[in-house]
Engineer: 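Dropping a structure here in structure tokens format, bear with me for questions.
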Amino acid sequence: MTSVASSQTTVVDVCAYDRLTPDLGAAALVGDVQVALFRLPDGSVHALGNVCPFSGAAVMSRGITGTRGEVPTVASPVYKQVFSLLDGRCLDPMGMEPRPGRGQDLPVYPVRVNDGRVAIELVDGE
Amino acid sequence: MTEHVVVVGGGMVAHRFVEALRARDTEGAYAVTVLAEEPRAPYDRVGLSAFFSGTAPEDLALGDPALWEDPLVALRLGDPATGLDRDARTVTTASGDAVGYDHLVLATGSYAWVPPLPGADLPGVFVYRTVEDVVALREWVQERAASLDRPVRGAVVGGGLLGLEAAGALTSLDVATTVVEFAPRLMALQVDEGGGQALRRIIEGLGVDVRTGAASEAVEPADDGTVGGLRLTGDDDPLPVDVVVVATGVRPRDELAAPAGLAVGPRGGVLVDEGCRTPDERVYAVGEVACIEGRCLGLVAPGYTMAEIAVDRLLGGDATFPGADLSTKLKLLGVDVASFGDAFATSPGALEIVHSDPVSGTYKKLVLSDDARVLLGGILVGDASSYASLRPMVGAELGDDPGLWLVPEGAGARPQTELPDAAQVCSCNGVSAGTIRASVVEDGCHDLPAVKACTRAGTSCGSCVPLVKKLMSVEMAKAGLTVSSAMCEHFAMARAELFNAVMVSGLRRWSEIVERFGTGRGCDICKPAVASILATLYNEHVLAEDRAALQDTNDRVMANMQKDGTYSVVPRVPGGEIRPEQLVLIGEVAQEFGLYTKITGGQRIDLFGARLEQLPAIWQRLVDGGLESGHAYGKALRTVKSCVGSSWCRYGVQDSVGMAVAMELRYRGLRSPHKLKLGVSGCARECAEARGKDVGLIATENGWNVYVGGNGGFTPRHAQLLVEDVDTESAVRIVDRYLMYYVRTADRLQRTAPWQEDHEGGLDRIREIVVDDALGIGADLDAQMARHVDSYEDEWAAVLRDPERLRQFSSFVNAPDTPDPTLAYVEERGQRRPATDEERAHGPVLIAPATLEVRS
Ligand SMILES: Cc1cc2nc3c(=O)[nH]c(=O)nc-3n(C[C@H](O)[C@H](O)[C@H](O)COP(=O)(O)OP(=O)(O)OC[C@H]3O[C@@H](n4cnc5c(N)ncnc54)[C@H](O)[C@@H]3O)c2cc1C
């Protein structure tokens with residue numbers, strides 16, 4: 001399942017592409033990293049950290065997707081902060097501070113779709 | 001060259017000073033250092049009592065914390081100033097530092113004054129001023145409660161504003177409380193004899209004992225050396241108490257002034273002129289420590305004004321103190337008390353109109369000029385809803401029948417008078433009606449956030465916000481502008497318009513709806529709104545077709561998300577009536593899955609801590625046992641609360657439980673712009689609190705009185721009478737139409753009370769539409785409700801039959817049954833709750849979900 005792509009990154013197979021429903025997020029457990037996967041109506045798949053920086057709960061995959069201008073987004077289901085699916089940036093902190101020790105943005109993970117399978121790339125040590 | 005301003009004191013007024021200085025000193029002419037005695041950044045002392053209703057001290061912090069990151073601002077906590085040398089222009093601090101200044105601002109506030117009362121230093125005697133005070137008070141009471149096997153008893157010495165706040169705090173800690181006041185009435189500074197009596201009746205009704213005209217003589221120790229009793233002059237025995245709070249007033253903290261040669265007022269306080277300056281032009285005093293116009297002012301609003309004045313002076317302005325507005329509006333123990341203007345009718349020839357209603361416990365008094373036209377002041381106890389409209393009218397004519405201002409807000413008949421431009425709307429920030437109008441007309445502020453940002457009105461206590469909004473809307477209407485009702489960037493319409501558009505077009509898919517009526521791909525605001533509209537129109541499953549992705553997580557998984565990402569589960573208990581075997585089943589499910597169990601305010605049972613992947617198994621058990629979804633997660637009908645009614649109760653005149661069950665089964669599953677709660681009481685005693693509900697039925701000898709538009713929550717409202725003495729069939733038809741009309745025309749997240757208020761023509765017009773069918777849409781509303789009732793199905797039972805939808809309930813696509821590894825719990829009172837960050841870091845007992853006795 002796990003193959004080494006280069007000395008720095010590991011590619012991890014996660015699930016069948018068809019297992020993802022457009023606009024409905026899903027969580028994946030990759031080692032001890034929790035990833036939120038989103039398949040969009042245009043067919044693209046995006047992977048972000050699943051832990052919401054403002055609540056500390058692992059729930060980003062259960063947020064509502066949408067757009068802000070041209071940017072595809074997901075809103076945290078806990079306190080509604082909006083994040084870019086492209087780079088994980090928090091676009092609207094809703095007047096809140098992230099939990100102590102966390103930045104307000106989400107990590108993003110490169111996604112590969114091959115042969116009907118979805119895989120993500122993790123930098124080693126993550 | 002940057003000059004250095006030193007502020008002594010890190011309280012509310014110091015905060016306002018620094019905030020205003022940094023906002024207005026755009027050149028960066030001043031750097032400011034705040035020397036604060038308390039160990040935390042400035043916090044909302046006015047809101048201190050919120051600590052007892054669960055607000056953490058951190059959440060009391062004032063303003064944007066970024067202020068303290070500003071390179072021109074330094075905040076030194078926990079290092080009080082101990083000396084002042086005006087020649088050397090230095091302040092020395094407790095840690096031995098000497099801090100030089102170009103300008104000095106004394107903002108040291110007050111301390112809680114304790115009279116010379118023997119025993120006042122015993123353990124168990126507290127004051128009520130700082131976060132540290134309230135934390136210590138709560139710890140003491142909790143310790144006592146744990147070691148005594150009877151309720152804790154307490155006394156508050158002082159029946160003023162602070163004393164009643166403290167009594168509220170003790171009551172919230174379940175302490176049996178007595179308030180001891182030396183004066184003949186409570187809150188003698190703010191209210192008159194009549195107001196004091198009303199206040200006393202209400203407070204006694206809350207279970208607090210009140211002793212007025214009583215002198216405290218000594219605090220007496222118990223055997224263990226802690227507080228045991230409070231001796232009152234003339235009483236044979238001391239009042240037995242385990243805790244005493246002394247709230248006998250405050251005194252200015254002017255101790256730096258005199259040794260430095262600065263004059264203090266006759267009753268303390270650093271003497272300043274109308275520009276908040278001491279005779280030393282480099283030294284200002286602001287807030288409670290300042291003696292201005294010959295006295296110290298114990299309220300925050302004049303302190304804020306002084307802070308703004310000092311800033312203005314530093315920047316070369318010549319602002320002067322406009323005189324103190326001592327108006328106050330408070331909620332003490334949940335009781336509204338307001339006092340404004342010439343409350344005690346001291347102006348020559350002043351007239352008073354008083355409206356006192358012992359049944360509702362309200363007391364209202366207006367003070368008018370000798371020709372009974374101009375408002376001079378007033379006192380409101382029990383219901384201060386008209387305060388926001390009345391206070392700015394001080395000095396203005398009230399119209400021909402000023403008495404109309406005493407009827408409850410919203411009861412109609414209130415004369416329409418325009419506020420004069422000079423009327424002060426926001427007293428916290430000193431903003432007049434004219435300033436608000438100008439911001440709309442001249443500065444182009446066209447929504448509430450813009451007006452607030454531009455004028456600061458409504459940014460402190462918020463009580464004037466409704467008035468600000470009204471002024472803004474009126475000005476915009478005059479200019480021919482419409483207040484934007486766009487739902488979000490994707491839909492330019494308000495919810496009601498979109499509802500009609502969707503209904504008329506017959507479209508049922510999100511993609512078609514957004515393409516036809518909106519732009520982009522939606523967001524977390526418009527998607528759930530469209531889902532709710534479709535649910536009302538067609539009553540199809542919340543997860544039907546492409547709808548799952550439109551729903552908030554709660555609707556998407558049909559459970560309520562909690563702070564750690566797990567869910568709570570609430571089966572429906574119609575009318576609060578439940579059979580023993582169902583109770584047993586709920587208990588068994590809770591045990592089996594290790595769920596935290598709590599009774600809700602809506603007469604049902606909430607099971608917390610269920611993981612996403614456990615929800616289907618939990619519901620399988622519940623559905624097999626005949627229970628169904630309670631829609632606690634939806635913007636939908638929640639519960640119909642009932643009292644036990646005529647079947648058991650000696651006083652009941654109708655079968656309230658039967659009616660409540662019928663109503664709950666009729667409206668269950670009805671999606672709406674916000675949650676809906678109903679109540680049914682079996683007699684006028686109103687045990688079901690139906691008037692706090694969106695729809696309340698109260699039984700009469702002949703049938704039902706129907707009340708509508710009651711809300712709890714953030715802005716509580718009593719429901720108002722829609723129709724009287726109707727039979728059951730008519731009551732149901734009227735409620736059908738009222739609910740359906742609301743669901744079709746209300747704005748997103750608009751509850752029934754504000755909907756009713758904003759509706760053109762108010763409740764009277766709504767009555768014409770839903771009772772008298774003035775628009776001829778009655779049959780249509782009836783048919784829509786009939787469709788809803790006929791097509792109801794339990795959405796959980798439906799999901800359990802559908803393997804495709806069940807797949808959404810897996811924790812991870814690649815590990816469907818693995819619990820979320822970040823979950824951690826600790827045990828409390830025999831059940832579990834999510835662990836705090838602290839406990840996760842250091843806690844010895846962490847119960848990971850895998851180690852609980854659970855079934856995955
Ligand atoms: C429970 C409660 C409820 C209240 N409710 C209301 C209300 O509803 N409406 C209303 O208008 N007002 C209310 N008040 C009063 C309001 O809190 C005060 O008017 C306001 O806090 C005054 O602000 P200040 O900055 O002048 O003083 P403070 O907020 O008291 O701040 C002074 C600060 O200076 C510090 N200090 C003192 N000496 C030194 C020194 N030598 N060196 C360094 N630091 C020093 C003190 O520790 C303190 O932190 C209430 C007060 C309390 C306690």
Engineer: Nearest 0.5 Å please: distance from the CG atom of B/Leu543 over to the CG atom of B/Leu806.
Structural biologist: 10.0 Å
Engineer: Report which part of B/Leu612 has an atom under 4.5 Å of a heavy atom belonging to chain A: side chain, backbone, both, or neither.
Structural biologist: side chain
Engineer: Check chain A and chain B for donor-acceptor pairs under 3.5 Å and report each one on its own line.
Structural biologist:
{"from": "A/Arg19", "atom 1": "NH2", "to": "B/Arg807", "atom 2": "O", "distance (Å)": "3.2"}
{"from": "A/Arg19", "atom 1": "NH2", "to": "B/Ser810", "atom 2": "OG", "distance (Å)": "3.1"}
{"from": "A/Ala27", "atom 1": "O", "to": "B/Val813", "atom 2": "N", "distance (Å)": "2.7"}
{"from": "A/Leu29", "atom 1": "N", "to": "B/Asn814", "atom 2": "OD1", "distance (Å)": "3.0"}
{"from": "A/Leu29", "atom 1": "O", "to": "B/Asn814", "atom 2": "ND2", "distance (Å)": "2.8"}
{"from": "A/Gln34", "atom 1": "NE2", "to": "B/Asp820", "atom 2": "OD1", "distance (Å)": "2.7"}
{"from": "A/Arg62", "atom 1": "NH1", "to": "B/Gly565", "atom 2": "O", "distance (Å)": "2.8"}
{"from": "A/Arg62", "atom 1": "NH1", "to": "B/Tyr567", "atom 2": "OH", "distance (Å)": "2.8"}
{"from": "A/Gly63", "atom 1": "O", "to": "B/Arg556", "atom 2": "NH2", "distance (Å)": "3.4"}
{"from": "A/Thr65", "atom 1": "O", "to": "B/Lys527", "atom 2": "NZ", "distance (Å)": "2.7"}
{"from": "A/Thr65", "atom 1": "OG1", "to": "B/Lys527", "atom 2": "NZ", "distance (Å)": "3.3"}
{"from": "A/Thr67", "atom 1": "N", "to": "B/Gly522", "atom 2": "O", "distance (Å)": "2.8"}
{"from": "A/Thr67", "atom 1": "O", "to": "B/His490", "atom 2": "NE2", "distance (Å)": "2.9"}
{"from": "A/Thr67", "atom 1": "OG1", "to": "B/His490", "atom 2": "NE2", "distance (Å)": "3.2"}
{"from": "A/Thr67", "atom 1": "OG1", "to": "B/Arg521", "atom 2": "N", "distance (Å)": "3.0"}
{"from": "A/Gly69", "atom 1": "N", "to": "B/Glu489", "atom 2": "OE2", "distance (Å)": "2.8"}
{"from": "A/Arg99", "atom 1": "NH2", "to": "B/Asp837", "atom 2": "OD1", "distance (Å)": "2.8"}
{"from": "A/Arg99", "atom 1": "NH2", "to": "B/Asp837", "atom 2": "OD2", "distance (Å)": "2.7"}

Engineer: Under 4.5 Å between any side-chain heavy atoms of A/Leu122 and A/Thr9, yes or no?
Structural biologist: no
Engineer: Between A/Gly66, A/Ala16, A/Ala28, who has the most heavy-atom pairs with chain B when the cutoff is under 4.5 Å?
Structural biologist: A/Ala28
Engineer: Among A/Ala58, A/Ala27, A/Cys52, A/Ala57, which residue forms the greatest number of heavy-atom pairs with chain B at distances under 4.5 Å?
Structural biologist: A/Ala27
Engineer: Out of curiosity, A/Cys90 SG to A/Phe83 CZ, how far, rounded to the nearest 0.5 Å?
Structural biologist: 4.5 Å
Engineer: Among B/Pro528, B/Gly522, B/Cys523, B/Cys488, who wins on heavy-atom pairs under 4.5 Å with chain A?
Structural biologist: B/Gly522
Engineer: Starting at CG of B/Leu498, measure out to CD1 of B/Ile533 and round the result to the nearest 0.5 Å.
Structural biologist: 4.0 Å
Engineer: Tell me, do A/Leu86 and A/Pro72 make a side-chain contact under 4.5 Å, heavy atoms counted?
Structural biologist: yes
Engineer: Check whether any side-chain heavy atom of B/Pro42 lies under 4.5 Å from a side-chain heavy atom of B/Leu75, and answer yes or no.
Structural biologist: yes
Engineer: Would you indicate whether the side-chain heavy atoms of B/Val557 and B/Phe809 approach each other to under 4.5 Å?
Structural biologist: yes
Engineer: Got a second to check how far B/Leu534's CG is from B/Leu507's CG, nearest 0.5 Å?
Structural biologist: 9.0 Å
